[in-house]
Amino acid sequence: MNDEAIDIVDEQDTVIGTTTKHEAQTKGLRHRIVRITLEDGAGNVLLQKRNDDKELYPGCWDSAAAGHVGAGEDYLQAAERELYEERGAVTSLTQVKHYKSEGAFGERKLHRFSVLYKGVIAPETTFVLQDDEVADVRWMSVGELSAFIQQNPTHVADGLRETYEIMYAS
């Protein structure tokens, strides 16, 4: 169980308290997350395969990086931190969308505000993967990603589905 401190927010995304990730998810408290999509400048999108021992979406493919906004942290700080922790990468990030999402995974209630960021990074970049978070990474074209999501719905995390819909679905 991860007891990382995160902010709890109201319906306007205003901080109203602090709790742990575990408590927020088990009690259905609204909290903040970030998602980062990375492109190579030639139409390819970087995906990460979540580690098999993750509590949410174990072994599933997801956006290049994602994570919770820590207590007292802003969205951009969290995105830059997550990208560096999970990928060992640093690049300029542009905010794409701020949105509310509702979902569930097993007994976990996922009531979140999400901010999606986009970055461009060289395809030959060597990534340093965070062992306890990420099992693998791979590049896919948008067409390959679309087919992959349709053909493998149980192997795709909600965040990748959301990112695809926002960024690439026509």
Side-chain angles (χ1 to χ4, degrees), residues 1-38 45-87 93 95-118 129-138 140 145 148-169:
M1 171 181 9
N2 189 330
D3 283 336
E4 177 183 343
I6 61 172
D7 290 328
I8 300 305
V9 297
D10 64 15
E11 289 293 319
Q12 288 71 47
D13 197 11
T14 301
V15 176
I16 57 172
T18 303
T19 191
T20 63
K21 284 175 26 175
H22 181 77
E23 184 175 37
Q25 292 173 352
T26 55
K27 292 184 176 180
L29 303 173
R30 188 164 309 283
H31 55 284
R32 295 171 166 171
I33 64 169
V34 292
R35 301 194 183 286
I36 300 99
T37 187
L38 291 177
V45 180
L46 186 71
L47 306 182
Q48 68 162 300
K49 185 175 184 190
R50 295 171 60 83
N51 211 321
D52 286 337
D53 61 358
K54 295 293 292 172
E55 291 181 2
L56 297 178
Y57 301 99
C60 289
W61 288 92
D62 203 348
S63 304
H68 288 79
V69 177
E73 195 174 35
D74 69 33
Y75 283 108
L76 182 58
Q77 289 170 328
E80 291 170 340
R81 174 183 50 78
E82 289 290 347
L83 182 58
Y84 185 76
E85 286 176 357
E86 294 181 10
R87 246 7 96 261
L93 298 174
Q95 183 175 323
V96 175
K97 187 171 183 176
H98 177 262
Y99 62 98
K100 188 187 305 187
S101 64
E102 307 289 335
F105 186 86
E107 298 296 315
R108 304 288 178 122
K109 301 169 198 93
L110 308 175
H111 303 295
R112 308 174 287 201
F113 273 100
S114 301
V115 173
L116 173 60
Y117 290 92
K118 175 186 170 185
L129 306 183
Q130 186 178 10
D131 289 339
D132 61 340
E133 295 275 338
V134 183
D136 197 8
V137 294
R138 77 181 270 203
M140 281 190 192
L145 178 57
F148 183 81
I149 290 171
Q150 290 176 6
Q151 295 166 6
N152 301 283
T154 61
H155 294 93
V156 175
D158 68 335
L160 180 56
R161 224 176 260 105
E162 288 175 6
T163 298
Y164 173 78
E165 289 297 321
I166 292 167
M167 297 284 300
Y168 308 110

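Residues passing the side chain to side chain contact (heavy atoms under 4.5 Å, CB included) test with Ala71, sequence neighbours excluded: Ala5, Asp7, Thr18. Remark: Ser114 engages no residue in a side-chain hydrogen bond (donor to acceptor under 3.5 Å, both in side chains) (not counting sequence neighbours). Checked against ring pair (Phe, Tyr, Trp, His ring centres under 6.0 Å), Tyr99 has no partners two or more places apart in sequence or in another chain. Arg161 is linked by a side-chain hydrogen bond (donor to acceptor under 3.5 Å, both in side chains) to nothing, counting only residues two or more places apart in sequence or in another chain. Applying the salt bridge (charged side-chain N to carboxylate O under 4.0 Å, His left out) rule to Lys97 yields no partners; only residues at least two apart in sequence or on another chain are considered. Partners of Arg30 according to the salt bridge (charged side-chain N to carboxylate O under 4.0 Å, His left out) rule, which considers only residues two or more places apart in sequence or in another chain, are Glu11, Glu102. Residues meeting the side-chain hydrogen bond (donor to acceptor under 3.5 Å, both in side chains) test with His98, sequence neighbours left out: Asp13. Applying the salt bridge (charged side-chain N to carboxylate O under 4.0 Å, His left out) criterion to Asp158, with sequence neighbours excluded, gives Arg35, Arg112. Legend: residues meeting side-chain hydrogen bond (donor to acceptor under 3.5 Å, both in side chains) with Lys109, ordered by chain and number and at least two apart, are absent. Qualifying side chain to side chain contact (heavy atoms under 4.5 Å, CB included) partners for Thr154, counting only residues two or more places apart in sequence or in other chains: none. Under the salt bridge (charged side-chain N to carboxylate O under 4.0 Å, His left out) criterion, Glu80 pairs with no residue at all, not counting sequence neighbours.
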Show me the donor-acceptor pairs within less than 3.5 Å that the side chains of residues 58-66 make with the rest of the protein, sequence neighbours left out.
from, atom 1, to, atom 2, distance (Å)
Asp62, OD1, Leu160, N, 3.3
Ser63, OG, Thr163, OG1, 3.0

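Counting all heavy atoms, side chain and backbone alike, Val156 lies closest to Tyr57 at O-CD2, 4.3 Å.
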